[in-house]
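Provided herewith is a single structure, encoded as structure tokens, for subsequent inquiry.
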Amino acid sequence: VQLQASGGGLVQTGGSLRLSCAASGRTFSDYAMGWFRQAPGKGREFVAAISQSGEYTYYADSVKGRFTISRDNAKNTVYLEMNSLKPEDTAVYYCGICAKAFYSGPNLRRGNEYDYWGQGTLVTVSS
């Protein structure tokens with residue numbers, strides 16, 4: 001399984017970015033996907049997750065209302081649309097694919113539900 005994340009960059013406070021994560025090596029439409037992030041000097045934290053069909057989504061409280069996760073199963077790609085960015089959103093963002101097919105529950109907030117990760121893409125929000 002390979003996950004390739006892209007779309008990070010430098011943006012000013014209040015700006016927007018869209019991250020993409022292309023997956024291969026697994027039947028993408030059978031698996032939930034998630035985004036996590038790791039800020040300098042901190043542990044990895046949950047950002048957002050989406051069920052295999054896109055019916056269920058989960059967000060961290062810190063990004064709710066600003067970030068939107070979506071997926072295109074025809075393109076084997078999951079997206080994270082980030083708006084109203086803040087300096088505290090600065091981090092390396094990682095996409096992950098759930099280890100269990102057809103799982104869509106709230107444990108998608110936990111990193112140990114994912115068995116493969118992308119390489120990460122850096123998002124820097126300047127103040």
Side-chain angles (χ1 to χ4, degrees):
V1 177
Q2 289 191 330
L3 302 176
Q4 183 68 41
S6 61
L10 174 64
V11 65
Q12 291 185 333
T13 296
S16 299
L17 281 175
R18 188 176 82 153
L19 306 184
S20 299
C21 175
S24 61
R26 185 175 280 179
T27 305
F28 182 76
S29 58
D30 289 349
Y31 293 87
M33 299 291 294
W35 286 98
F36 288 69
R37 66 187 181 186
Q38 186 166 15
K42 296 187 177 181
R44 190 175 296 190
E45 66 172 358
F46 170 75
V47 176
I50 187 167
S51 62
Q52 68 274 9
S53 66
E55 181 177 3
Y56 300 102
T57 56
Y58 302 92
Y59 294 94
D61 288 343
S62 59
V63 307
K64 201 172 294 184
R66 300 188 298 123
F67 290 13
T68 302
I69 189 170
S70 62
R71 64 190 294 158
D72 185 338
N73 286 346
K75 296 183 178 179
N76 289 358
T77 301
V78 62
Y79 304 97
L80 185 68
E81 184 76 33
M82 305 185 296
N83 298 314
S84 303
L85 282 161
K86 306 174 181 179
E88 51 264 43
D89 294 318
T90 295
V92 177
Y93 284 71
Y94 298 91
C95 57
I97 187 166
C98 187
K100 294 177 289 189
F102 305 110
Y103 178 72
S104 59
N107 283 351
L108 289 173
R109 297 174 179 272
R110 300 180 182 179
N112 60 8
E113 290 295 324
Y114 302 83
D115 58 350
Y116 289 94
W117 298 90
Q119 84 285 5
T121 185
L122 176 63
V123 172
T124 303
V125 184
S126 63
S127 57

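What you see below is based on every heavy atom in this structure, not just the backbone, and it leaves out hydrogens, waters and symmetry mates.
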- Query: Do Lys75 and Ser20 have side chains that get closer than 4.5 Å, going by heavy atoms?
  - Reply: no
- If you round to the nearest 0.5 Å, how far is OG of Ser53 from CZ of Phe102? 10.5 Å
- Residues Tyr94, Leu3; criterion side chain to side chain contact (heavy atoms under 4.5 Å, CB included); working and verdict: CA-CA 9 Å; Tyr94 298 91; Leu3 302 176; over 6 Å; no
- Query: Is the closest side-chain heavy-atom distance between Gln119 and Gln4 below 4.5 Å?
  - Reply: yes
- Task: Determine, for Asp89 against Lys86, whether the closest basic-nitrogen to carboxylate-oxygen distance falls under 4.0 angstrom.
- Result: no
- Item | Same cluster (ILVMFWY, side-chain, under 4.5 Å), Leu85 and Tyr79 | no
- Tell me whether Tyr59 is reachable from Tyr103 by hopping between hydrophobic residues (I, L, V, M, F, W, Y) whose side-chain heavy atoms are closer than 4.5 Å. no
- Is there a side chain to side chain contact (heavy atoms under 4.5 Å, CB included) between Met82 and Val125 once you walk through the steps? CA-CA 11 Å; Met82 305 185 296; Val125 184; over 6 Å; no
- Got a sec: does the CD of Gln2 have more than 12 other heavy atoms crowding it under 6.0 Å? no
- Task: Taking the side chain as every heavy atom from C-beta outward, state whether Ser6 and Thr121 have any pair of such atoms under 4.5 Å apart.
- Result: no
- Taking C-beta and beyond as the side chain, do Met33 and Cys21 meet within less than 4.5 Å on heavy atoms? yes
- Query: CD of Gln52 to CZ of Phe28: how many Å apart, nearest 0.5 Å?
  - Reply: 10.5 Å
- Item | Ile69 reachable from Tyr56 in the ILVMFWY side-chain graph, under 4.5 Å edges | no
- Considering non-hydrogen atoms only, spot the tightest contact between Ser104 and Ser51 and give its length. CB-CB, 3.5 Å
- Query: Side chains of Pro87 and Thr13: does their closest heavy-atom pair fall under 4.5 Å?
  - Reply: yes
- Quick one: does Arg37's side chain get under 4.5 Å of Val63's, heavy atoms only? yes
- Side-chain donor or acceptor of Arg71 paired with backbone N/O of Gly54 under 3.5 Å: no
- Is the shortest heavy-atom distance from the side chain of Trp117 to the side chain of Arg44 under 4.5 Å? yes
- Message: Quick check: is Phe36 connected to Ile97 through a chain of hydrophobic side chains (ILVMFWY, heavy atoms under 4.5 Å apart)?
- Response: no
- Say you draw a straight line from CG of Asn112 to CG of Asn107; how long is it, rounded to the nearest 0.5 Å? 8.0 Å
- Query: Quick check: are there more than 12 heavy atoms from other residues, nucleotides or ligands sitting under 6.0 Å from NZ of Lys42?
  - Reply: no
- Message: Measuring only between side-chain heavy atoms, which start at C-beta, is Val78 closer than 4.5 Å to Trp35?
- Response: yes
- Message: Would you compute the distance between atom OG1 of Thr57 and atom NZ of Lys64 and round it to the nearest 0.5 angstrom?
- Response: 9.5 Å
- Query: Does the ring center of Phe46 lie less than 6.0 Å from the ring center of Tyr58?
  - Reply: no
- Message: Testing the basics here: between Arg26 and Val1, what is the closest heavy-atom pair and its distance to 0.1 Å?
- Response: NE-CG2, 3.8 Å
- May I ask whether Leu80 and Leu17 are part of the same hydrophobic cluster, defined by side-chain heavy atoms of I, L, V, M, F, W, Y residues being less than 4.5 angstrom apart, directly or through others? yes
- Task: Taking all heavy atoms of Leu108 and all of Ala49, pick out the closest pair and write down the distance.
- Result: CB-CB, 3.8 Å
- Query: Which of parallel (below 30°), tilted (30 to 60°) and perpendicular (above 60°) describes Tyr93 and Phe67?
  - Reply: tilted
- Message: Which heavy atom of Asn73 sits nearest to which heavy atom of Ser29, and what is that distance?
- Response: ND2-CB, 3.6 Å
